[in-house]
Amino acid sequence: MRLVEHYRDTISYVPLSTIDPILDKHVLDIFTTTKIHMIKIENDGRRTKHTHILTYKDCFYRNDYLYIRTYLQGEPGSGKTSFAVKLVYDWCNLHAPSQESTKEQTAFGDVDILHKFKFLYFISLRDSKNHTYVTQMIKTQLIYKIYAEDERESAYNLVLRIIRNVMYLVVQEGLDEWPGEQTVPSMDGIPKENCIVFTTSRPWKLADRRIKNSHIDILLEVEEISDPEEFNKKLLRCLLDESTDLTKSVELFEEFLSSRNLESISSSPMLNTLVLCTWVDDRAKRLTGSSLCELYTTMLENLCKKANAQISYFEQFHLLSVYCFARTNYIRPNMEHIDSIAKAAFSFLFSNEKESSIVFSDVDLTAHLPETSKQFALDSGFLSKRKGKTCTDQTLSFVHKTIQEFLTAFHIHRNADVIDDVISGYLKRHDKLYRDISQIFIFLCGFNITRANKLSTRMNELDVYSEYDSYFQDCILSDYKEAVANKNTPIHLHLSHLNFDDDNAEDLIQIWTLNTSPARSFEVGLWANKHVNIRSQGQSSSDYHGHGPVALPVRKDPG
């Protein structure tokens with residue numbers, strides 16, 4: 001079957017790390033089960049975490065009933081794409097078994113469930129920015145690549161007959177990277193009884209009010225690696241010589257993480273791989289904390305070194321220097337290029353034309369980036385260029401969206417005026433659009449807390465009158481931790497709605513204490529032996545133990 005061979009040649013191999021996309025490995029060599037939970041959408045619209053799932057059946061069925069629309073959400077680098085690729089690979093082996101398919105699978109081994117789907121169409125949504133209909137995407141991403149020109153029309157007619165008559169699965173990868181005007185690609189004209197759709201996305205996209213709860217049949221969330229030790233062993237097996245003692249190597253790496261207070265990155269496949277590859281290359285001596293900016297600075301260093309291995313250092317009190325750049329070797333010699341690339345990253349992400357924010361044309365890039373800096377970006381790996389349907393049609397994108405966001409935050413750090421001149425207007429154009437820049441905000445807290453404090457006031461103003469949920473609070477908590485990890489002060493992140501629980505109480509109390517804007521609501525739900533001591537300005541403290549309502553003196557606030 002041509003479709004199976006196409007998938008085996010193209011998507012069955014995934015890059016081992018964003019540091020070196022050329023270093024790809026078979027999905028089974030690096031796939032490790034991640035913790036995937038069922039998310040229940042309550043009657044009042046709240047989304048709560050429920051069962052931990054380990055089977056494909058749970059991805060598509062409820063009480064033996066096959067549902068049409070399944071969404072898998074997760075933060076950047078959490079493993080959404082790897083899971084989607086693994087699903088496609090398992091489907092391929094049902095129709096044309098390969099030698100690799102005999103490898104033992106401890107989770108999601110119920111591949112016979114996929115037998116229900118006679119055909120599977122894998123669509124990369126970031127590569128379909130100009131298309132609205134799923135049938136168009138199948139034509140350009142699959143038919144044009146599999147069939148010769150004189151075969152394409154008959155192949156497309158065959159696809160149309162298939163979608164009308166047999167059960168099939170559409171895997172849509174990266175909904176948050178698709179800039180279509182509609183919320184999801186259109187299935188108009190496609191019989192619903194034959195089509196099952198599995199879509200991956202970042203959570204902020206699925207918080208779009210235009211995506212009705214009734215249009216989400218099954219919602220799953222991938223959170224972290226189930227077995228970090230096994231994951232590290234698989235990666236090291238791909239990187240080290242066969243004679244190396246893998247067990248000992250895993251122990252040494254875990255000791256390194258512990259010594260640098262980086263244990264928390266083990267939950268993220270992307271960050272874990274980044275640090276492990278850095279460690280294997282003996283470039284990790286300077287990683288001193290759990291800062292995302294530190295990790296991405298390490299990646300920045302490696303990318304710069306590919307294009308220009310000249311070494312230079314920032315002086316201790318250099319005007320540009322930020323905490324995470326203090327001990328770098330390869331950034332300062334390339335600052336002119338980095339500044340230009342960061343400006344382009346910012347310009348695309350905050351463009352009025354959302355369809356070109358992630359994947360853009362060579363012509364559009366030229367308007368933002370000098371030719372020398374563009375070549376540096378391609379040589380180093382900041383940017384990737386792909387051929388389109390014709391020899392003159394080329395598209396570009398950053399090697400990973402979070403790299404683009406990291407550079408965007410650096411541009412904001414270097415240019416204070418963009419918060420008032422660009423970002424404020426961008427945030428006002430659409431409700432909840434501030435959620436789209438939450439990752440940029442975290443990086444900005446690592447670069448420049450003064451800029452971050454100012455931006456938080458804009459974001460809080462947009463959130464303060466919204467229906468209360470924890471999204472913005474979770475963002476602020478991550479921002480606070482990043483600022484602390486980078487020793488940035490003074491921290492005055494604005495947060496008007498505070499929801500205390502056992503996991504966040506300590507950090508949230510610190511945020512509220514440093515908050516220069518008045519709180520508008522408190523929700524306290526502590527079940528362990530903890531209590532919140534709330535002291536208002538000029539008032540005695542109120543300590544509350546137990547459950548039930550409590551009256552608290554608050555700051556004077558006309559609002």
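Values below: all heavy atoms of this structure, side chains included; hydrogens, waters and symmetry mates excluded.
The backbone N or O of Y7 lies less than 3.5 Å from a partner atom in the side chain of S12, making a donor-acceptor pair. A distance-only check finds no donor-acceptor pair linking the side chain of Y13 to the backbone of R8 [under 3.5 Å]. Using a distance-only test at 3.5 Å, with no hydrogens or angles considered, a donor-acceptor pair links the side chain of H26 to the main chain of L28. The backbone N or O of Y71 lies less than 3.5 Å from no partner atom in the side chain of D217, so there is not a single donor-acceptor pair. Under the 3.5 Å distance criterion, the side-chain polar atoms of S258 are left unmatched by any main-chain donor or acceptor of E254. Checking side-chain atoms of D29 against main-chain N and O of K25 turns up no donor-acceptor pair under 3.5 Å. Judged by distance alone, the side chain of W178 and the main-chain N or O of D127 form no donor-acceptor pair under 3.5 Å. Here the side chain of R152 pairs a donor or acceptor atom with the backbone of Y147 at under 3.5 angstrom. With hydrogens and angles ignored, the 3.5 Å screen pairs no side-chain donor or acceptor of E229 with any backbone N or O of V250. Between the side chain of T55 and the main chain of D58, a donor-acceptor pair closer than 3.5 Å is present.
Counting heavy atoms from C-beta on, the side chains of M137 and L125 come closer than 4.5 Å. Two residues are said to be in side-chain contact when any heavy atoms from C-beta on lie closer than 4.5 Å; E405 and I442 fail this criterion. Counting only heavy atoms from C-beta outward, the side chains of L276 and L239 approach each other to under 4.5 Å. I437 places a side-chain heavy atom less than 4.5 Å from the side chain of L427. In this structure, the side chains of T247 and K233 come closer than 4.5 Å at one or more pairs of heavy atoms. When side chains are defined from C-beta on, H37 does not count as touching H50, because their heavy atoms never get closer than 4.5 Å. Within the 4.5 Å cutoff, the side chain of I440 has no heavy atoms near those of the F406 side chain. Contact check for L206 versus L175: side-chain heavy atoms found under the 4.5 Å cut-off.
With rounding to the nearest 0.5 Å, the separation of CG in D507 from CD1 in I476 is 12.5 Å. Rounded to the nearest 0.5 angstrom, I216 CD1 and R69 CZ are separated by 9.0 Å. Considering CG of D176 and CG of D436, their distance stands at 8.5 Å, rounded to 0.5 Å. With rounding to the nearest 0.5 angstrom, the SG atom of C59 is 6.0 Å from the CD1 atom of I36. The distance from the CG atom of N157 to the CZ atom of R161 is 6.5 Å, given to the nearest 0.5 Å. To the nearest 0.5 Å, the span separating CD on Q73 from CD1 on I39 amounts to 6.0 Å.
Heavy atoms from other residues, nucleotides or ligands lying under 6.0 Å from CD of E181 number 12 at most. More than 12 heavy atoms of other shown residues, nucleotides or ligands fall within 6.0 angstrom of atom CD in E230.
Residues F231 and F31 keep their aromatic ring centres 6.0 Å or farther apart. You'll find the ring centres of F443 and Y296 inside the 6.0 Å limit. Separation of the Y67 and Y61 ring centroids does not fall under the 6.0 Å cut-off.
The aromatic rings of H115 and H95 sit tilted, their planes meeting at an angle between 30° and 60°.
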Could you tabulate the donor-acceptor pairs under 3.5 Å formed by side-chain atoms of residues 183-199, not counting sequence neighbours?
{"unit_1": "S186", "atom_1": "OG", "unit_2": "D188", "atom_2": "N", "d": "3.2"}
{"unit_1": "S186", "atom_1": "OG", "unit_2": "D188", "atom_2": "OD1", "d": "3.4"}
{"unit_1": "S186", "atom_1": "OG", "unit_2": "D188", "atom_2": "OD2", "d": "3.2"}
{"unit_1": "N194", "atom_1": "ND2", "unit_2": "R164", "atom_2": "O", "d": "2.9"}
{"unit_1": "T199", "atom_1": "OG1", "unit_2": "Q172", "atom_2": "NE2", "d": "2.9"}

task: Could you check R47 against E221 for salt bridge (charged side-chain N to carboxylate O under 4.0 Å, His left out), going step by step and ending with a plain yes or no?
output: CA-CA 11 Å; R47 297 180 180 183; E221 181 162 13; over 6 Å; no
message: With salt bridge (charged side-chain N to carboxylate O under 4.0 Å, His left out) as the criterion, how do R2 and E151 come out once you've worked through the C-alpha distance, each side chain's angles and the decisive distance to 0.1 Å?
response: CA-CA 13 Å; R2 292 191 190 184; E151 299 176 302; 3.2 Å; yes
message: Evaluate S456 against F441 for side-chain contact (heavy atoms from CB on, under 4.5 Å), listing each step before the verdict.
response: CA-CA 8 Å; S456 76; F441 192 19; 3.4 Å; yes
task: Let me see the working for I138 and Y156 under side-chain contact (heavy atoms from CB on, under 4.5 Å), right down to the final yes or no.
output: CA-CA 9 Å; I138 292 174; Y156 182 64; 6.0 Å; no
message: Between L508 and W512, is the side-chain contact (heavy atoms from CB on, under 4.5 Å) condition met? List the steps.
response: CA-CA 6 Å; L508 201 55; W512 182 70; 5.8 Å; no
field: Step-by-step side-chain contact (heavy atoms from CB on, under 4.5 Å) determination, V14 to D24
entry: CA-CA 5 Å; V14 293; D24 59 348; 6.0 Å; no
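Listed here is the closest heavy atom pair of S361 and L396: C-CD1, 3.8 Å. Residues D479 and S438 share a closest heavy-atom pair of OD1-O, 4.4 Å.
For the 3.5 Å distance criterion, the side chains of T402 and Q439 fail to qualify, holding no donor opposite an acceptor. Side-chain N/O atoms of H494 and S496 include no donor and acceptor closer than 3.5 Å.
Of the residues listed (D112, D110, D90), the one engaging Y56 in a side-chain hydrogen bond (donor to acceptor under 3.5 Å, both in side chains) is D90, and it is the only one.
Cation-pi geometry between K118 and Y168 is not met: the NZ or CZ atom fails to fall both under 6.0 Å from the ring centre and inside 45° of the normal.
Residues R126 and E173 are not paired through a salt bridge, judged by the lack of any N-O separation under 4.0 Å between the basic side chain and the carboxylate.
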